[in-house]
Amino acid sequence: MRTAAIIEQEAAIWLARQDGGDWNAADAAAFAHWLDQCIEHEVSFYRLESAWRAADRLAALRVPARGTGRAARPRIWWPMAVAASLLLLCVSAVLIHRSPPVATPERFATARGGHSAVPLADGSRIELNTDTVIRTEIANDRRRVWLERGEAFFDVAHDPARPFEVLAGSHRVIVVGTKFSVRRDGADMRVSVLEGRVRVEPVQPASLGTAPLRLLGPGDQAMASGTNALILPTSQDRIAAALSWRTGALLFDRTALADAAAEFNRYNRRQLRIGSGALDRMTISGRFDADNVDAFARLLGKAYGLKIRETADTLEISE
Amino acid sequence: MVERSEVKSWFCREVLPLEHVLTAFLRRNWRTGEDIPDFRQEVYARVFAAGCQELPRNARAFVFTTARNLLINHARRAAIVSFELVADLEEVPAPAEELTPERHAVARDELRHVRAAVARLPARCQEIVMLRKVEGMSHRDIAAHTGLSLKTVEAHLTRGMRGLADMMREGSEPADPGTVHGAGARSRGA
């Protein structure tokens, strides 16, 4: 019988190779083969990967470079910082229920096709979708997150004493404890509520005569652009579709082909281009893997007899 | 069948955070400590396989029931534990309340938690993990920076990965991964 330690060592070697950057298609294929061999391989790898990802939080210890872009000499401060953290851990165990940490600004980002979860100091949790940048500031009296771009799902720890705000361009979302997602495309933002209640309001002090938007509840979705905001009719299905990215899927229900393509393009380097003409009126329904644009294109080709022209970076679809 | 990616995210979100409690449960109920990582892996594999059919509604209950059945089967097969001991085997640890504060404390203080875990790695390994995670250096840059070979850097990283997984989940001393096997991983820091 192969012991856990042997499998774990293999898993660690794969993870280190992935981490190393010289990862090519052949490696990916060999890795997929290894992962498929048995479930023990899978669970062992996911366990290491999840801890290794969590260690990304260490990036917060980085001292911002002054002047020069790159650290030229070894830093000697962090071994001490690490040693001190052991002590801190003990101290914090005592303090943890008394005083929450003062505002500690942090920044988190994902690459195109990325998806990662960030635990916050207050017990809340944020899931970042593809190509997303957020900043967080968790203080004693309030909790704020700036969605600079992209999309994120928020699972907010209930704390009436510290409102939780998400700022996305012109609007902010205010909650005390709930689950919802916010997506930002430049000046446009969209809020989808899974649980609890949230309030959406303009970031600028309300101009005269601006009526506040009603509270959003489960199944509600609001879209805002500039000073305009619209609440869509309550629909659990729409929320499920809006949150499907959390499981790596895209759900379409009579979605215009161009919109479906735009969704895929958020996740993949290889971009879909849709020719004009009758394709403009075509709609798509179904469930697709967000990171498998090739399969989507093949399916379109088969199902509707569309032509697909492949280049290195694009898939052009035409009649 | 459940989508693989969905099972994976469920496993990372619901099952892995139980490792601390699961490991303690296995330790309390099995006399030889060295079997624990194997048992744990078997529990994970069974739970994951079941998740591929259908995600259990209550991950915690499912994990501990699986662990309990596994221990009973092993005890019977090995015939090293008397029937009374098997009968005495602890029931599934009581739910939610026990775990929730831990979970929150971990989430609340993840950075400190990670730092403490790193601090317990061997010195050289610690340095290399920090160069990778804090400075964001590539493996090659780390090799150039430390004067070690790329292979040695990677051996330290694999060791760091295993150590972190043990310590971040368990909050206890890991079995020294370097002594088991692994080319180059045995060389301890200067």
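Throughout, a chain's letter reflects where its sequence line sits, starting with A, and its residues are numbered from 1. The structure displayed is predicted, hence computed values, not measured ones.
Contact of A/Arg125 with chain B is made through the side chain alone, with heavy-atom distances under 4.5 Å. Only the side chain of B/Arg140 comes within less than 4.5 Å of a heavy atom in chain A; its backbone stays farther off. For B/Leu164, the parts lying near chain A are the backbone and the side chain together; criterion is any non-hydrogen pair under 4.5 Å. Both the backbone and the side chain of A/Asp19 come within contact range of chain B, each with at least one heavy atom under 4.5 Å from a heavy atom of that chain.
For the residue pair A/Ala16 and B/Thr158, the shortest heavy atom distance occurs at CB-CG2, 3.7 Å. Shortest non-hydrogen contact noted between A/Ala4 and B/Pro37 is CB-O, 3.5 Å. Nearest heavy atoms, A/Leu48 versus B/Arg162: CD2-CA, 3.9 Å. The two residues A/Glu40 and B/Ala45 come nearest to each other via the heavy atoms OE2-CB, 3.6 Å. Closest non-hydrogen pair, A/Leu58 versus B/Val114, comes out as CG-CG1, 3.6 Å. What you find for B/Leu16 and A/Ser50 is that their closest heavy atoms are CD1-OG, 3.7 Å.
Contact check for A/Tyr46 versus B/Tyr44: no side-chain heavy atoms found under the 4.5 Å cut-off. For the pair B/Lys8/A/Thr247, no side-chain contact is recorded, criterion being any heavy-atom separation below 4.5 Å from C-beta on. Using a 4.5 Å heavy-atom threshold, the side chains of A/Trp52 and B/Arg132 count as touching. Using a 4.5 Å cut-off on side-chain heavy atoms (C-beta onward), A/Glu8 and B/Gln41 make no contact.
Remark: B/Ser5 OG to A/Asp289 CG distance equals 6.5 Å, nearest 0.5 Å. The CZ atom of A/Arg287 sits 4.0 Å away from the CD atom of B/Glu3 when rounded to the nearest 0.5 Å. Note: A/Ile13 CD1 to B/Glu154 CD = 9.5 Å, rounded to the nearest 0.5 Å. For the atom pair CZ of A/Arg246 and CZ of B/Arg13, the computed distance is 6.5 Å after rounding to the nearest 0.5 Å. Here CZ of B/Arg115 is found 11.5 Å from CZ of A/Arg57. Values are rounded to the nearest 0.5 Å. Atom-to-atom distance recorded for A/His115:NE2 and B/Ser9:OG is 7.0 Å, nearest 0.5 angstrom.
Highest contact tally toward chain B, considering only A/Ala51, A/Ala54, A/Ser44, is held by A/Ala51 [criterion: heavy-atom pairs under 4.5 Å]. Per-residue counts of heavy-atom pairs under 4.5 Å with chain A were compared for B/Arg4, B/Arg46, B/Glu6; the largest is that of B/Arg4.
Residue-environment remark: CZ (A/Arg53) stays at or below the threshold of 12 foreign heavy atoms within 6.0 Å.
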